[in-house]
Number of protein chains: 2
Amino acid sequence: MSDHDELIHSLRARGHRLTPQRRLVLEALQHGDHHMSADEIAQTIIAHYPSISVDPATIYRTLRWLRDVDLVSETSLGQNHMVYALLGSDDHHHLVCEGCSGVIEIDPSILDPVRQELKARYGFAARLAHISIFGLCARCQIGEHEG
Amino acid sequence: MSDHDELIHSLRARGHRLTPQRRLVLEALQHGDHHMSADEIAQTIIAHYPSISVDPATIYRTLRWLRDVDLVSETSLGQNHMVYALLGSDDHHHLVCEGCSGVIEIDPSILDPVRQELKARYGFAARLAHISIFGLCARCQIGEHEG
DNA sequence: TCTCTATCTGCAAACAGTTGCACATGTATT
DNA sequence: AATACATGTGCAACTGTTTGCAGATAGAGA
Ligand SMILES: [Zn+2]
Ligand SMILES: [Zn+2]
Ligand SMILES: [Zn+2]
Ligand SMILES: [Zn+2]
């Protein structure tokens, strides 16, 4: 059984269904760019299948479901909407500058010690994949203090 | 000059104004509970000064301003609204369970190494005060796997 | 105290995302 | 293939938050 089939089987065993809408959202995430907004996902579906329309509410519900089963990340990059990405490859986090809106992609291992400590101390399994950390980049820290 | 006066002076020097609306939001944050939603702030203002009304947009803009000058934190606790809190006392972070919505308050020092490493490696000044980390609490991890 | 202007406010419209509900459908079972 | 029901979908209404704009005002300077 392939990984994909196994995943589907495992999800079905837990009472989840694989509907056409869900397949379309997954396909859009596979074909699209790394970070996709809900609207970009909708546009991609329309572009590939002009005769089909998927309700925005269904897209949002599908994305939440994919996040809950750990297939997709939901991330803020400091814009006024979330972006979604398939998990499992091209692993990284983001430093988002609140001064210039710049985004620096960083190695994800920086959070490993925190994740381990949260598990050891509190038994808490942190969902820390593909997240953003907000703050000020080096350039934007200059001229921060009164003057 | 008191700390408070010095702060006001420093803000004014940067072109910021201290308007009645901003004073009211600050006062509400001082009098209210630790975590306040924008709506709770509005309600607190109305309760204290029934004749005055502050537009919600102004409250949101004031909260963003207070956050940008590092006086207030803006935090998601997994509800569909943000909560705001004055910074500087009762320092902590949150572990928010996506299974049962429970919130565990934790010691803030756990993120100190990350903050230091981000500064050293990338020159990035992370705004990591009073944040939330999402995941699953010990109890909600039981029965997570297919069955 | 008066003037000036950059900043701030209120309003209304817009936006991202959620929710309630009635109907539709995927999937297990037969 | 037909049945049955839990789960999912579309729609419309709603919530929390942001934005554009025109008029108001805090605070600096004269
Ligand atoms: Zn920057
Ligand atoms: Zn990314
Ligand atoms: Zn839990
Ligand atoms: Zn808190």
Side-chain angles (χ1 to χ4, degrees), chain A residues 5 7-26 35-43 45-46 49 51-69 72-84 98 101 146-147, chain B residues 5 7-26 28 35-43 45-46 49 51-69 72-84 98 101 134 146-147:
Chain A
D5 288 348
L7 175 67
I8 300 296
H9 184 80
S10 149
L11 291 173
R12 279 191 184 144
R14 283 183 266 174
H16 300 278
R17 293 189 198 164
L18 197 52
T19 62
Q21 291 86 343
R22 289 180 172 184
R23 288 180 196 274
L24 289 167
V25 170
L26 267 171
H35 302 126
M36 298 185 84
S37 67
D39 190 60
E40 285 169 343
I41 291 167
Q43 297 307 320
I45 293 173
I46 291 172
Y49 305 96
S51 62
I52 300 176
S53 95
V54 182
D55 193 87
T58 298
I59 292 179
Y60 283 112
R61 280 188 280 230
T62 299
L63 289 168
R64 174 179 289 192
W65 167 69
L66 289 168
R67 191 201 61 181
D68 289 343
V69 299
V72 161
S73 61
E74 182 188 47
T75 312
S76 164
L77 293 178
Q79 305 158 290
N80 56 5
H81 57 80
M82 294 289 133
V83 295
Y84 302 86
E98 287 168 328
S101 304
E146 68 188 285
Chain B
D5 287 347
L7 176 66
I8 301 296
H9 184 79
S10 149
L11 291 174
R12 279 191 184 145
R14 282 183 268 173
H16 299 277
R17 292 192 200 162
L18 196 51
T19 63
Q21 291 87 341
R22 290 180 170 184
R23 287 178 197 275
L24 288 166
V25 170
L26 267 170
H35 302 125
M36 298 185 85
S37 66
D39 190 60
E40 284 168 345
I41 291 166
Q43 296 307 321
I45 293 172
I46 290 172
Y49 305 94
S51 62
I52 300 176
S53 95
V54 181
D55 192 85
T58 298
I59 291 178
Y60 283 111
R61 280 189 281 230
T62 298
L63 289 168
R64 173 178 291 191
W65 168 68
L66 288 169
R67 192 201 61 181
D68 288 344
V69 298
V72 159
S73 61
E74 181 188 48
T75 312
S76 164
L77 294 177
Q79 304 159 291
N80 57 3
H81 56 79
M82 295 288 135
V83 294
Y84 301 86
E98 286 168 329
S101 303
F134 295 88
E146 69 188 285

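The basis for the numbers below is simple: all heavy atoms, side chains too, and nothing from hydrogens, waters or symmetry mates. Residue numbers begin at 1 in each chain, while the letters A, B, ... track the order of the sequences.
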Atom CD of B:Glu40 to atom C1' of D:dT17: distance rounded to whole Å? 16 Å
Taking any heavy-atom pair under 4.0 Å as a contact, classify B:Asn80: base, sugar-phosphate, or nothing. sugar-phosphate
Is any side-chain N or O of A:Arg17 under 3.5 Å from a base N or O of D:dT7, one able to act as donor and the other as acceptor? yes
Would you mind classifying the nucleic acid contact of B:Ser53 as base, sugar-phosphate or nothing, using non-hydrogen atoms under 4.0 angstrom? sugar-phosphate
Of B:Val83 and A:His16, the one whose closest nucleotide on DNA chain D sits nearer the 5' end is A:His16
Take the protein atom CZ of A:Arg12 and the nucleotide atom C1' of C:dT25, then report the distance between them rounded to whole Å. 13 Å
Looking at B:Thr19, I'd like to know whether one of its side-chain N or O atoms comes within less than 4.0 Å of OP1 or OP2 on D:dA26. no
Without decimals, in angstroms, what is the distance between B:Met82 CE and D:dT18 P? 9 Å
Name the residue closer to the 5' end of DNA chain D, choosing between A:Gly15 and B:Tyr84 according to the nucleotide with the nearest heavy atom. A:Gly15
Exercise: identify the closest heavy-atom pair between A:Arg67 and A:Glu74: NH1-OE1, 3.0 Å
Contact summary for A:Trp65 and A:Leu11, nearest pair of heavy atoms: CZ2-CD1, 3.9 Å
Hey, does the side chain of B:Gln21 come within less than 4.0 Å of C:dG10's phosphate (OP1/OP2), counting only N and O? yes
Do you know the tightest heavy-atom contact between B:Met36 and B:Ala28? SD-O, 3.4 Å
May I ask you to verify if any side-chain N or O of B:Arg64 is less than 4.0 angstrom from the OP1 or OP2 atom of D:dT18? yes
Closest contact, heavy atoms only, A:Ala42 versus A:Ile59: CB-CD1, 3.6 Å
At less than 4.0 Å, is any side-chain N or O atom of B:Tyr60 found next to OP1 or OP2 of D:dT18? Yes or no. no
Against the side chain of A:Arg61, the closest entry in C:dG17, D:dC11, D:dT17 is D:dC11
Tell me which nucleotide among D:dC11, C:dG17, D:dG8 gets nearest to the side chain of A:Arg22. D:dG8
Going through the distances and angles, do A:Gln43 and A:Asp39 end up as a side chain to side chain contact (heavy atoms under 4.5 Å, CB included)? CA-CA 6 Å; A:Gln43 297 307 320; A:Asp39 190 60; 3.7 Å; yes
